[in-house]
Amino acid sequence: MCGEQLARAGHKVNLFDEHLAWEKPCGGGLTHKAIQCFPFLLDNSYPKKLVNSVELISSEEHRATLDMPHPIVIYSRTVLNGMLLDRARDAGCNVQRSRVMGVDTTTAKPRYCVEGDWQEADFLVLAAGARNQLLPETRALQRDELEMTQGYFVPQTSDSITIKFLPHFEGYIWSFPRCDHLSVGICGSMATHTSNELRSHLHQFASAEKFATENAKFYSHVLPSPQVRTLSDRAVIGKNWAMCGDAAAWVDPLTGEGLFYAMRSGELLGRSIAEGCPELYPSRVRASFSLELEFAARIVRRFYRGSFLGCSVTTRMVQFLQRNAVFRQLLSDLFCGTQDYSSLKQRVLGHLGGTLSQFVTSVLNFEKPTPKLRRAVPAAD
Ligand SMILES: Cc1cc2nc3c(=O)[nH]c(=O)nc-3n(C[C@H](O)[C@H](O)[C@H](O)COP(=O)(O)OP(=O)(O)OC[C@H]3O[C@@H](n4cnc5c(N)ncnc54)[C@H](O)[C@@H]3O)c2cc1C
């Protein structure tokens, strides 16, 4: 996305990826928020699956179904990455399959090392994902800023997404249907859960839901799960370099959604560099989405670990979904990204009755919003 913006603006762009279009471990689900921002994600002939229904399962096996007015669009990552690389190439980027071995931003012009050769550039964009090792003037993500994920590409199909919560567990299990298979996986905080724990929960779920994992391809990867401090303090831009996507930890810590934030941050960075003012990038990201991620970072622990009226918050949520159509509407809007976190409270107070209103307020009011969140930010675009 970033390379495409820059090439369209007439810059010479060299884009390196060690795998190019590959099946990166991922659900591959894009919310309506992403489709609204990037309509080409829907209007194209690349294979994808549109899903309008989500089944939520509590840790005690209560079940509720959300019918979404706008579909979640699910891609295989080989297809999605391929489409984005095609767009970058068509815009004029030179796309090369190579591993970048190092970067050096201490010289007047920044340098990068590919296949043993050090090359100079005017600006370095680092979009190497959650495992990014290219860290000029910044630090790596720590364990409590990362989630572990494990999963299978299961040769089965379905027309519905499934989300399963677990007792005392910061994360969830998902099944995302694609055109010809399911991406079934689990994510959990790296600081509080072990990989054995994840694998055991995943196998239990797969066997209960009759997903055949014996011949399925296994995957595992890490996913950024930013804390408030990650979003407010970690440097993602410096002299002649900047990060976007997972490398910058721009993932919703509550849902694990990262594709939209990766694409949007790439677009905003590309535009800022093309205009000759990369320093505008952080404020544009802030105006576009990072306050939402901060909000999610504040409530995530309460959401997965908290209780309401003697039951876990996630169980109560599924129970309320079974009973209340207005709450179902609210959650479907949240799920497809048309309802943001920051204006949720007003909507809840206006439309939900006593207990439900208390429930949502108790989750959202876990900590009082900091002044930062209330401060008006300059509009990005
Ligand atoms: C299991 C799992 C499920 C997920 N499900 C969803 C979902 O359903 N919806 C959603 O919105 N988000 C989901 N996410 C998050 C989403 O995958 C990421 O947020 C998104 O891929 C971030 O994009 P990115 O381009 O920043 O990083 P990546 O997609 O990780 O891309 C980084 C690229 O950099 C390349 N690279 C790395 N190091 C180097 C190097 N040194 N030299 C050259 N190339 C290099 C890699 O080959 C890779 O192609 C999921 C994540 C995981 C792990």
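Order of listing sets the numbers, starting from 1, for every ligand and every atom in it. Keep in mind it's a predicted model, so treat the numbers as computed, not measured.
The side-chain contact (heavy atoms from CB on, under 4.5 Å) test with Y112 singles out one residue from L134, N14, D104, and that residue is N14.
Atom numbering of ligand 1 starts at 1 in the shown order; those under 4.0 Å from a heavy atom of W22 are 47 (O), 48 (C), 49 (O). In the vicinity of G245, heavy-atom distances shorter than 4.0 Å reach the ligand 1 atoms 26 (O). Near E257, with a cut-off below 4.0 Å to any heavy atom, the atoms of ligand 1 are 10 (C), 11 (O), 12 (N). Heavy-atom proximity to F176, at under 4.0 Å, picks out these atoms of ligand 1: 8 (O). Residue H19 has at least one heavy-atom neighbour below 4.0 Å for each of these atoms of ligand 1: 47 (O).
Atom 1 (C) of ligand 1 has T149 OG1, 3.4 Å as its closest protein atom, hydrogens excluded (heavy atom only). When only non-hydrogen protein atoms are considered, atom 52 (C) of ligand 1 lies nearest to P25 O, 3.5 Å. Distance from atom 15 (C) of ligand 1 to its nearest protein heavy atom, with residue and atom name: L223 CD1, 3.5 Å. Nearest to atom 8 (O) of ligand 1 among the protein's heavy atoms is G29 N, 3.0 Å. Nearest protein heavy-atom contact of atom 38 (N) of ligand 1 is A128 CB, 3.5 Å. Closest protein heavy atom to atom 27 (O) of ligand 1: G129 CA, 3.5 Å. Distance from atom 50 (C) of ligand 1 to its nearest protein heavy atom, with residue and atom name: C26 SG, 3.6 Å. The protein heavy atom nearest to atom 11 (O) of ligand 1 is L259 N, 2.9 Å.
The pair D246-R131 fails the salt-bridge criterion, with no side-chain N (NZ, NE, NH1 or NH2) lying under 4.0 Å from an Asp/Glu carboxylate O. We find that R63 and E61 are joined by a salt bridge, their nearest charged nitrogen and carboxylate oxygen being less than 4.0 Å apart. Using a 4.0 Å cut-off between a side-chain N of Lys or Arg and a carboxylate O of Asp or Glu, K49 and D159 qualify as a salt bridge. Using a 4.0 Å cut-off between charged side-chain N and carboxylate O, E23 and R178 make a salt bridge. Of the charged side-chain nitrogens involved, at least one lies within less than 4.0 Å of a carboxylate oxygen, so that R271 and E267 count as a salt-bridged pair. Between D17 and R97 no salt bridge is recorded (no basic side-chain N to carboxylate O distance below 4.0 Å). For the pair E115 and R99, the salt-bridge criterion is not met [side-chain N within less than 4.0 Å of a carboxylate O]. With respect to the salt-bridge test (charged N to carboxylate O, under 4.0 angstrom), the residues R286 and E294 qualify. Salt bridge annotation for D90-R87: absent, with no cationic side-chain nitrogen under 4.0 angstrom from a carboxylate oxygen.
Between F260 and ligand 1, not a single N/O pair is under 3.5 Å apart. Between V100 and ligand 1, at least one pair of N/O atoms sits closer than 3.5 Å. At least one N or O atom of G258 sits closer than 3.5 Å to an N or O atom of ligand 1. Polar contact check, G27 against ligand 1: a nitrogen or oxygen pair lies under 3.5 Å apart. Looking at Y219 next to ligand 1, no N or O pair under 3.5 Å apart turns up. Between A130 and ligand 1, no pair of N/O atoms sits closer than 3.5 Å. When only interatomic distances are considered, the shortest N/O to N/O separation between D246 and ligand 1 falls below 3.5 Å. For a threshold of 3.5 Å applied to N or O pairs, the pair formed by E18 and ligand 1 contains at least one separation below that value. Some N or O of K24 is nearer than 3.5 Å to an N or O of ligand 1, by distance alone.
Residues V13 and V95 are not in side-chain contact: their nearest non-hydrogen atoms beyond the backbone lie 4.5 Å or more apart. Within the 4.5 Å cutoff, side-chain heavy atoms of C37 are placed close to those of R264. By the 4.5 Å heavy-atom criterion applied to side chains, L84 and F40 are counted as neighbours.
The shell of residues lying under 4.0 angstrom from ligand 1, judged by heavy atoms, includes G256. Remark: distances from the non-hydrogen atoms of W250 to ligand 1 are all 4.0 Å or more.
Going from atom OG of S59 over to atom CG of L166 covers 7.5 Å, rounded to the nearest 0.5 Å.
When non-hydrogen atoms are compared, ligand 1 lies under 4.0 Å from neither the backbone nor the side chain of S183. At a heavy-atom cutoff of 4.0 Å, ligand 1 is contacted by no atom of Y261, backbone or side chain. Contacts between D17 and ligand 1 below 4.0 angstrom, taking non-hydrogen atoms only, involve backbone and side chain alike. Residue contacts with ligand 1 for R77 involve side-chain atoms from C-beta outward but no N, CA, C or O (heavy atoms, distance under 4.0 Å). At a heavy-atom cutoff of 4.0 Å, ligand 1 is contacted by the side chain of A262 but not by its backbone. With a 4.0 Å cut-off on non-hydrogen atoms, A127 touches ligand 1 through its backbone and not its side chain.
A donor atom on one side chain and an acceptor atom on the other are not found under 3.5 Å apart for S189 and E147. Counting only N and O atoms by type, the side chains of T230 and E145 include a donor and acceptor under 3.5 Å apart.
No path of Ile, Leu, Val, Met, Phe, Trp and Tyr side chains, each step under 4.5 Å between heavy atoms, connects F205 with L56, placing them in separate hydrophobic clusters.
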